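First the structure, in the form of C-alpha cells, and then the observations on it.
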Amino acid sequence: MRLLANLALQNLGRRKARSLLLIAAVAIGSGVVFTGATLMRSIDDSMAVGFTRLGADMMVVPEGALTNITAALLTVEPTDLVLDADVLARAHIASLGRIAPQKIVRVEHSGVGGHHDLVDLIGIDPARDFTIQPWLKDKLNRDLRAGDVILGAGRDAPLGSQLLIFGKPHLIYGKLGRTGVGTHERGVFMSFATLEALAGSIPQHGDARPAVLSLGKVTGFLVELAPGATALQARFAILSAVKGAKVVTGDSSLSGIRQGLAALLQGILALMVLMFASMAVMVSVLFSAIVTERRGELGLLKAIGARRAQLVGMMVVEAVIATGVGGVLGVALGVLVMRLYERSLVYYLDNIGVPFVWLDLPQTVAYAAAAIVLASAIGALGALYPAWRASRRDAYELVRGEG
Amino acid sequence: MLACRQVSKSYRTERGIVTAVSGIDLDVAAGEFAAVIGRSGSGKSTLMAVIGGLSRPSGGTVTIDGTDLWRLSDNALSGFRNGKIGYVFQFASLLPTLRLIDNVALPAMLGRRHGASGSYARAAGLLERMGLGGYLDAYPSEISAGEQRRVAIARALINDPALLLADEPTSDLDEQTEGEIMNELLTINREVGTTLILVTHNLALAERAQQVVHIANGAIVA
Ligand SMILES: Nc1ncnc2c1ncn2[C@@H]1O[C@H](COP(=O)(O)OP(=O)(O)OP(=O)(O)O)[C@@H](O)[C@H]1O
Ligand SMILES: [Mg+2]
C-alpha cells in the first residue's frame with residue numbers, strides 16, 4: 001500500500017502540469033458546488049426565518065411606538081407607551097387567531113453583558129407565546145418556571161447556570177436559535193411573573209417606573225390571522241375596536257421578492273447539479289485518457305510482477321489524491337469567496353427583508369467534508385473502470401500500446 | 001527447465017486473424033544460453049512474450065521448472081513473473097516518473113523478499129555493476145538509450161531470476177555498446193547460471209549459444 005501511494009505520488013509529482021490542471025479543474029468544480037450548497041442552505045434557512053417560523057402575521061402596538069417593518073420577523077421594540085393587556089381579548093375580533101402579548105423593558109446596569117450595555121428584558125406569556133419558544137434551540141428538560149430566563153442567540157452562557165439580573169439570581173432555562181433579528185438575538189426572555197418579580201429591583205428613571213411593568217399593561221401583541229381572514233379585515237377590526245393602537249404587518253411587497261429569490265435558487269440548484277454532473281463526466285474522460293496514455297507503464301508494472309489489484313489501486317490512489325487535493329482547495333476557495341462577498345450579500349438580503357443567517361459551523365463543516373469526499377469519490381470512480389479494464393489485458397499488449 | 005509444446009499465438013485484426021507463432025516446440029535446459037534468430041516479423045517477440053508470461057498463447061503449453069505457466073491464476077502468474085523471470089524488452093521500458101534506483105528496486109519491492117533497505121542496497125549494487133553507480137538518483141529521461149538498456153537489465157536481475165529473457169536488448173545501440181551489454185548478459189549466464197534466452201540479429205553472437213532457434217513465419221526451421 002505504501003508502495004502504491006509512493007508510485008501514485010511520483011506520478012503526480014513528475015507530471016506537474018497535468019496534475020495541477022486536474023487539481024485546478026476539480027478545485028473549481030467542488031468549490032462552486034460547496035459554495036453554492038452552503039449559500040443556498042443559508043439563504044434557504046434565512047428565508048425560512050422570513051416565512052415558516054415567522055409566527056406572527058401582524059403586530060399591534062401603541063400608536064407612537066417605533067417599529068422595524070423591514071425585518072422579516074415581527075418583533076416588538078421597547079417603548080414607554082403601553083396597551084392594556086386585555087384590549088384585544090375584550091374586543092372579540094373574529095379575524096384573529098392566536099394573540100401573544102409581550103412586555104419589553106430596556107435597562108442599563110443590569111449586570112447582564114457589559115456595564116453600560118442596554119439589555120432588553122422581554123416578558124412573555126408562555127402559554128400564549130408563539131414567536132419566541134418555537135425558536136428554542138437548547139432547553140432544560142422541563143417546563144419554563146418562575147425565575148427562569150431564555151437567552152437570545154447573541155448571548156452566551158451555559159444552560160442551567162445562574163444569571164444575576166440586578167443582583168437577583170435567575171436560571172438559564174434555554175437558548176434561542178439564530179434569527180438575525182436584533183431583539184431576538186440580544187433579548188433576555190422570561191415569563192410575565194418573573195419580570196414582575198424583578199420590577200422592584202429595576203432602578204427608576206426619573207419620576208416613574210416604566211409603565212409596562214405595571215400589572216395589566218403590555219408593550220404590544222403579536223397576532224396571527226384566523227384561517228381565511230385577510231390582513232385588511234383584521235386591521236380594520238382592530239383599529240375600530242382598540243383606541244390608540246397601530247397595526248403593523250410585514251411588508252407584502254417583500255414576499256414577491258422572496259418568491260423571485262426562491263425561483264432563482266431553484267435555477268442555481270439545477271445549474272449546480274449540471275455542473276457537478278459535467279465535472280464527473282470530465283474527470284472520468286480525463287482518467288480514461290490518462291489510463292490509455294499510461295498503458296505502457298501499466299503493462300510494464302504488470303510484467304515485473306504487479307498484481308491487477310495493485311495496478312488498479314495505484315491508479316485509484318493517484319486519482320483520489322489529485323481530486324481530494326482539488327476538493328480541499330475548492331472548499332478553501334469557496335470559504336475565501338464567501339468571506340469576500342459576505343458583507344454585500346448580507347446587506348442585500350437585509351435590504352429585501354431577509355435577515356441573513358449563516359449556516360452553522362457543524363453544517364458548513366459537513367458540507368465541506370461532503371464536497372471533498374464527493375470530489376475524491378468522483379476521482380476514484382473515474383479511474384476505477386478504465387484502470388480495471390486496462391488491468392485485464394495481457395502485459396505484452398499493454399506494453400506495445402495496443403487495445 | 002523450459003518446455004514449450006505446440007505453442008501458438010494469433011491476433012485478431014481488422015484484416016482477419018494473423019498467426020504470429022504456430023506449433024512451436026522448444027526445450028531449454030537449466031543454465032543454457034539459447035539464441036533466437038529470424039527475420040523481422042517472424043514472431044520472435046511474440047514467442048518471448050508467451051514464454052515470459054506476458055502474452056497468453058492461443059494454444060499449447062509453456063512449462064517452466066515444472067510450472068504450467070498459463071494455468072496459473074492471474075495473481076499467481078504475476079508472482080511467478082516477479083520471482084522467476086527477468087525480462088528485457090526490445091524497446092525502452094523504464095518507468096519515466098521513477099528514479100533509476102526506484103526502477104531497479106521496484107520488482108524487489110513488489111516481491112517483498114528483501115525489505116525496502118535490502119531491495120535498495122541490491123538495486124544500488126546492480127546499477128554499480130552496470131557502470132551506472134553515479135546515476136542512482138537520475139531519471140530515465142536524463143540518460144542515454146544504451147544506459148537505459150543497462151538499467152532494464154539490472155531491473156531484470158534484481159530478483160535473481162531463474163530465466164532471463166532478452167528481446168533484442170541492443171537493437172538500437174552502437175556496436176561497442178552492444179558488445180558490452182552482450183558480454184554482461186553472457187557473464188551472468190556463465191557465472192550465476194541463469195538460463196538465458198536471447199533474441200538477436202547478431203549471428204556471431206548466436207554462434208556462441210548452446211542452442212540456436214531459427215524462426216521463420218512463426219515456426220521453427222531447422
Ligand atoms: N498485437 C498484434 N496484433 C496483430 N498482429 C500482431 C500483433 N503483434 C504482432 N503481430 C504480428 O505478428 C507477427 C510477429 O510479430 P513479432 O513482433 O513477434 O515479430 P518479431 O520477430 O519480434 O519482429 P522484429 O524482429 O521486428 O521485432 C508480425 O507479423 C506482426 O505483424
Ligand atoms: Mg521483436
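Note that the structure is predicted; figures quoted are calculated from it, not measured. Throughout, protein chains are lettered first and strands after them, A, B, ... in sequence-line order, and every chain is numbered starting at 1.
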Check: Hey, is CG on B/N217 packed in by over 12 heavy atoms from elsewhere, all under 6.0 Å?
Finding: no

Notebook entry, point to check: Is the number of heavy atoms from other residues, nucleotides or ligands within 6.0 Å of OH (B/Y135) greater than 12?
Noted result: no

Next item on the list: Just give me the residue among A/K302, A/R308, A/R392, A/R294 that pairs up with chain B most often, heavy atom to heavy atom, under 4.5 Å.
Entry: A/K302

Checklist line | Spatial distance of atom OG (B/S78) from atom CG (A/L311) [nearest 0.5 Å] | finding: 7.5 Å

Next item on the list: Hey, could you give me each pair passing ring pair (Phe, Tyr, Trp, His ring centres under 6.0 Å) that has a residue in residues 80-105 of chain B? Not counting sequence neighbours.
Entry: B/Y87-B/F89, B/F89-B/F91

Item checked: Contact origin within B/N75 toward chain A - heavy atom pairs under 4.5 Å -> both

Item checked: Within residues 16-23 of chain B, residues adjacent to chain A where the heavy-atom gap is under 4.5 Å -> none

Notebook entry, point to check: Taking non-hydrogen atoms and a cut-off under 4.5 angstrom, which of residues 52-60 of chain B neighbour chain A?
Noted result: B/L54, B/S55, B/R56

Item checked: Reported CD-to-CZ distance for the pair B/Q90 and A/R400, which is rounded to 0.5 angstrom -> 8.5 Å

Note to self: If I take atom CD from residue A/Q310 and atom CG from residue B/L110, how far apart are they, to the nearest 0.5 angstrom?
What the structure shows: 5.5 Å

Notebook entry, point to check: Does the side chain of A/R14 come within less than 4.5 Å of B/Y139's, by heavy atoms?
Noted result: yes

Note to self: Taking every non-hydrogen pair under 4.5 Å, which of B/S45, B/A156, B/G86, B/G79 racks up the most with chain A?
What the structure shows: B/S45

Next item on the list: Calculate, to the nearest 0.5 Å, the distance between atoms CD1 and CE belonging to A/I304 and B/M109 respectively.
Entry: 11.5 Å

Next item on the list: With a 4.5 Å heavy-atom cut-off (strictly below), which parts of residues 93-104 of chain B touch chain A? List them by number.
Entry: B/S93, B/L94, B/L95, B/P96, B/T97, B/L98

